[in-house]
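Comments concern the structure below.
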Amino acid sequence: MFGIDYFDTVLLSGEYQVRQVRELERLRNLPAKELHIVGIPYMDEMKKRLERAEPLPKHPTTVLLAPSWGPSSIFNRYGSEMIDALLQTGYHVIVRPHPQSYTSEKEMLEGLMKQYPNSSQLEWNSDNDNFEVLRRSDILISDFSGVLFDFSLVFDKPIIYADTSFDKAPYDACWLEEELWTFTILPKIGQQLTKENLHCIKEVIDTCLNDPKYSEGRKLARSDSWAHIGKSASRTVDYLMDKYQQLHQEKK
């Protein structure tokens, strides 16, 4: 909360953020900031990397389970029940815990890894670079991790997002009547996983893989949140250089 209040300029990735920043300024009686939409440099680079990558060999349908960490995360909410359900689909399953889980949830994580060791159907992944594991997965299951959008928008693949609680009290979002963009767009790019539909996770996965409405939802999400695709680094540098020149001239 208040994380951007005292900046003169904020560089943004999409138009919806402009609306939200302006509303916060109004509510807090703050001077208007300079807002400049540049895009998302790291996603541009990931997209370039994907375009250069060799085609993937034929492989079985692969499900990536990549939870965040903490009390509201998938592992803490669903635990072994989640992995059991995925194994029952017959699909290949990759489990990639959040790096912080290895420290903050070590006992829980070690228990799951012992209960479900690496096998021909299941693998645990802890690569420092997540590019390859995202590339070779057909669908992603996560909770409130930002990897949902890397996977969906860059790799253009469907997601399943877990029904986990999110407390917006510590964030600027709690000042806004408008619902967080993240939670309005998620139903358009994937299905929600709940306790009620966990037992039919294969059906949920198959729907997400085959229903064209999720492809259309990804296009919408991309247009909302990832402006100037491929040009964000140059736009950022151009803005900074123009601002430098402007301030230099004002000092004369």
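It should be emphasised that the depicted structure is a prediction, and the values quoted were computed from it without experimental measurement. Position 1 is the first residue of the sequence; numbering continues from there.
Two residues are said to be in side-chain contact when any heavy atoms from C-beta on lie closer than 4.5 Å; L193 and L198 meet this criterion. You'll find the side chain of W69 stays beyond 4.5 Å of the side chain of T103, heavy atoms only. By the 4.5 Å heavy-atom criterion applied to side chains, T89 and I201 are counted as neighbours. At least one side-chain heavy atom of V21 sits less than 4.5 Å from a side-chain heavy atom of L35. The closest side-chain heavy-atom distance from I205 to L86 is below 4.5 Å. Considering only heavy atoms from C-beta on, S152 stays 4.5 Å or farther from Y214 through its side chain.
D172 places no side-chain N or O within 3.5 Å of a backbone atom of M1 that could act as its donor or acceptor partner. Of the possible polar contacts, one joining the K157 side chain to the S137 backbone as a donor-acceptor pair under 3.5 Å is found. Formation of a donor-acceptor pair under 3.5 Å by the D44 side chain with backbone atoms of I229 is not found in this model. Using modelled atom types, one side-chain atom of D143 and one backbone atom of I74 make a donor-acceptor pair closer than 3.5 Å.
Cluster annotation: I37 and L220 are assigned to distinct hydrophobic clusters (Ile/Leu/Val/Met/Phe/Trp/Tyr, side-chain heavy-atom contacts under 4.5 Å, transitive). In terms of hydrophobic clustering, with Ile, Leu, Val, Met, Phe, Trp and Tyr side chains grouped at heavy-atom distances under 4.5 Å, V18 and L176 are assigned to different clusters. Under the 4.5 Å side-chain heavy-atom criterion for ILVMFWY residues, a single connected hydrophobic cluster contains both L186 and Y171. Hydrophobic clustering places L50 together with V147 (ILVMFWY residues linked when any side-chain heavy atoms are closer than 4.5 Å, directly or through intermediates). Connection of I159 to I94 is established within a shared hydrophobic cluster, with ILVMFWY side chains joined at heavy-atom distances below 4.5 Å, either directly or through further cluster members.
Ion pair R19/E15 not flagged as a salt bridge, since none of the NZ, NE, NH1 or NH2 atoms sits closer than 4.0 Å to an Asp/Glu carboxylate oxygen. Under a 4.0 Å N-O distance rule, the pair R222/D156 qualifies as a salt bridge. A salt bridge links D129 with R49; the closest basic N to acidic carboxylate O contact falls under 4.0 Å. Using a 4.0 Å cut-off between charged side-chain N and carboxylate O, E123 and R136 make a salt bridge. Salt-bridge annotation for D5 and R28: present, with a side-chain N of the basic residue lying under 4.0 Å from a carboxylate O of the acidic one.
Separating the CD1 atom in I40 from the CG atom in L153 is a distance of 7.0 Å, to the nearest 0.5 Å.
A ring pair (Phe, Tyr, Trp, His ring centres under 6.0 Å) check over residues 36-68, counting only residues at least two apart or in different chains, returns the pairs H36-Y239.
Across every non-hydrogen atom of S142 and P67, the tightest pair is OG-CA, 4.1 Å. The two atoms that bring L87 and Y116 nearest to each other are CD1-CD2, 3.9 Å, heavy atoms only. N118 approaches W124 most closely through the heavy-atom pair OD1-N, 2.8 Å. The two residues P97 and S101 have their closest heavy-atom pair at CB-CB, 4.5 Å.
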- prompt: Yes or no on salt bridge (Lys or Arg N to Asp or Glu O under 4.0 Å) for E216 and K213, after CA distance, side-chain angles and deciding distance?
  reply: CA-CA 5 Å; E216 291 302 311; K213 74 178 181 181; over 6 Å; no
- prompt: Does the pair E34 and K243 meet the rule for a salt bridge (Lys or Arg N to Asp or Glu O under 4.0 Å), with working shown?
  reply: CA-CA 11 Å; E34 188 171 340; K243 180 59 65 175; 2.8 Å; yes
field: Evaluation steps, salt bridge (Lys or Arg N to Asp or Glu O under 4.0 Å), between K202 and D206
entry: CA-CA 6 Å; K202 186 179 188 299; D206 291 345; 3.0 Å; yes
message: Set out, in order, the CA-CA distance, both residues' side-chain angles and the distance that settles side chain to side chain contact (heavy atoms under 4.5 Å, CB included) for H248 and K251, then state yes or no.
response: CA-CA 5 Å; H248 185 67; K251 286 184 178 180; 5.6 Å; no
task: Check step by step if side chain to side chain contact (heavy atoms under 4.5 Å, CB included) holds for D238 and R235.
output: CA-CA 5 Å; D238 287 347; R235 287 181 62 84; 5.5 Å; no
task: Go through E51 and K48 one step at a time and tell me if the salt bridge (Lys or Arg N to Asp or Glu O under 4.0 Å) criterion holds.
output: CA-CA 5 Å; E51 290 167 349; K48 291 177 188 175; over 6 Å; no
query: Taking it one step at a time, do W181 and D224 satisfy side-chain hydrogen bond (donor to acceptor under 3.5 Å, both in side chains)?
result: CA-CA 9 Å; W181 176 85; D224 280 352; 3.3 Å; yes
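Crowding of K33 atom NZ: a count of heavy atoms from other residues, nucleotides or ligands under 6.0 Å exceeding 12. The number of heavy atoms from other shown groups lying within 6.0 Å of CD (E203) does not exceed 12. The neighbour count for Y102 OH, taken as heavy atoms of other residues, nucleotides or ligands under 6.0 Å away, is above 12. Within 6.0 Å of atom CZ in F183, more than 12 heavy atoms from other residues, nucleotides or ligands are found, so the atom counts as buried in its surroundings.
Here the two rings, on F155 and F131, have centers that are under 6.0 Å apart. The six-membered or imidazole ring of W226 lies away from that of Y16, with a centre-to-centre distance of 6.0 Å or more.
Residues N76 and E105 have side chains that bring a donor and an acceptor to within less than 3.5 angstrom of each other. Under the 3.5 Å distance criterion, with hydrogens and angles disregarded, no donor-acceptor pair is assigned to the side chains of D138 and T61. Between the side chains of E250 and Q246, a donor-acceptor pair is found at a separation under 3.5 Å.
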